[in-house]
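To keep things clear, I will list the structure first and then write my remarks on it.
Residue numbers start from 1 in every chain, and the chains themselves are labelled A, B, ... in the order their sequence lines are given, proteins ahead of strands. What you see below is based on every heavy atom in this structure, not just the backbone, and it leaves out hydrogens, waters and symmetry mates.
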Amino acid sequence: MSKKVRVRFAPSPTGGLHLGGVRTVLYNYLFAKKHGGDFIVRIEDTDQSRYVPGAEEYIFDCLRWCGLEPDESVQHGGDFGPYRQSERKPLYRDYAEKLIAQGDAYYAFDTPAELEAMREQYKSDQNPAPQYDHTLRLRMRNSLTLSPEEVDRLLSAGTPHVIRILMPGTGMIGFTDMIRGEVSFDMSTVDDKVLLKADGMPTYHLAVVVDDHLMQISHAFRGEEWLPSAPVHVRLWEKLFGRAAMPEWAHLPLILGPNGKLSKRDGAKYGFPVFAMNWTDPKTGENVEGFRERGFLPEAFINLLALLGWNDGTEKELFSLEELVQAFSMERVHSSGAKFDYEKAKWFNHEWLLREPVQRLAFSVRSQFESLSSLSSLNSLKWEKIVALVRDRCHLLTDFVEQTRYFFEYPQEVDRAAIEPKWNAEKTSFFHELVTRYGSETEWQAAKLEELFKSLASERSIKPGELMLPLRIMLVGGKFGPGVFDIADILGKEETIQRIGLLTAQLSNN
RNA sequence: GGCCCGUUCGUCUAAGGGCUAGGACACCACCCUUUCACGGUGGUGAUACGGGUUCGAAUCCCGUACGGGCUACCA
């Protein structure tokens, strides 16, 4: 790579950051770091009507959570600012005017109502969505159809107008996509996109080209949904800065939900999150769940996203961010869309749950449910012991609640049905005696408790297997969890004895 | 409708002219485990279809079908 690698992620602050967005960030980041380049975040807020307060901060919070810090942005500074397009507004008009002077763009005075009328008039079964293009532009009100004097008059009168690109009615235009290879378009099928809006703001089309140039972007990655407008951008590069200066493009495949492109509604509908973190729309109050709050570790989230559309060619699936930077290459990114599989996502998280150092995991889980008040009084060493004991059984951070709550409170539900049918007087007697022996035990430790339990069982000629499940139900409430004696160990003498006594009394009364 | 992109197990994918098409998730069975998991072993399961090119095609070409995206003074 001859020039310095500079890539950018350019979100518009209109709402939550979804899966696909994060993956686009990730591939940008990995590519930049792999090649010793810079990762820039540019806020594309040229549509003021869609501006949502808080969305910008939210995006940066998501990136921080994922560990994908930009090198340059509104929050990080840099030599190519401002990094917010609304603050760059005065820049764009000159480029649009330059295109007009060259004959590659023109003023258009059509009002929204006139545009609507045009679409209505030319709509047909063959052409349900008429475009403002070479076939129609000469029937519209623009500097191509109006006399120069009239155009001047309208302009100096401050008449609202836009600037449109003039796409040739013939010829092909194409480029080499890093993922798809040669892609080409017949220019006659591309419409005259608006470049500069009536409010003086550029549209995405103009802004992306101007800013990528000014910010010296070397590689431009974006979602596949942008492919259809690529010919406009290539054309602008040709006419504004020369094709040689154009960044290399890569159009990333889409991440699909069960029914096509992932939308924020899919989360609620299919039971998995679509945003990185919880997002509440300040206007509607609508709340959309995030992966973070669902109990995903950022390491797992990054890992699973990376593997959705890319692999290193081996059978390795678990990668840390550092490993991804090492292994990543755009050549191995797929060209086809990938359907998101929540089950596999949970598996990734489970794997990371197991790899995480206990101390860190214990901390993450703890902050995940402050709600359990007894937790705050628990010393952290004991908590780490508990977390280490149950992590095998958890896929999400939130799973730890159900898997550990019996350590802190008497089980809410006790599965008596599991032991009641086979309960008898011998068992009642056994557990009465067990309470006595445990009560006088000074060395409260799992192995010792197991030994006492088994020797008593053999004295009474009862198979330990007959008694293990009852003990578990007494302590845990259900048929799950780590070894019973480990649980009793952690529960402590007093609590263990109390729980055994309580259920024994209940069962013997029936 | 037009334009563009895509198509290997249910899902994510490997194999970029040459082995019984490999792995992972999920599912099933067995083993381990005096619970539930973890783990281990095995199993079900795919090259969309039709034509070419070739000694040989999942792989290259064409067509069809299907899927997806775009078609705003939104990004």
Cation-pi, F400(A) ring and R391(A) (6.0 angstrom, 45 degrees): no
Geometric cation-pi criterion K316(A) and F319(A), 6.0 Å radius, 45° cone: yes
Base partner of rG1(B), which must satisfy Watson-Crick or wobble distances under 3.5 Å: rU71(B)
Counterpart base for rC25(B), defined by Watson-Crick or G-U wobble contacts under 3.5 Å: rG10(B)
Taking the same atom, [atom1], in [N] and in [M], what whole-Å distance lies between them?
N	M	atom1	answer
rG23(B)	rC9(B)	C1'	12 Å
rC74(B)	rC4(B)	P	25 Å
rA65(B)	rA14(B)	C1'	26 Å
rG68(B)	rA57(B)	C1'	27 Å
rU13(B)	rU8(B)	P	9 Å

Side-chain donor/acceptor of D489(A) to backbone N/O of F485(A), under 3.5 Å: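 Between the backbone of F485(A) and the side chain of D489(A) there is no qualifying donor-acceptor contact (under 3.5 Å).
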Is any side-chain nitrogen or oxygen of [X] closer than 4.0 Å to OP1 or OP2 of [N]?
X	N	answer
K197(A)	rC74(B)	yes
R472(A)	rU34(B)	no
R119(A)	rC73(B)	yes
S49(A)	rC74(B)	no
H334(A)	rU8(B)	no

Sugar-phosphate, base or nothing in reach of T14(A), heavy atoms under 4.0 Å: nothing
Sugar-phosphate only, base, or nothing, as touched by G483(A) at under 4.0 Å among non-hydrogen atoms: base
Pair of N/O donor and acceptor under 3.5 Å linking rC5(B) base with R180(A) side chain: no
Donor-acceptor pair under 3.5 Å, K344(A) side chain vs rA26(B) base: no
Glycosidic conformation of rC38(B), taking syn as within 90° of 0 and anti otherwise: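 Syn conformation for rC38(B).
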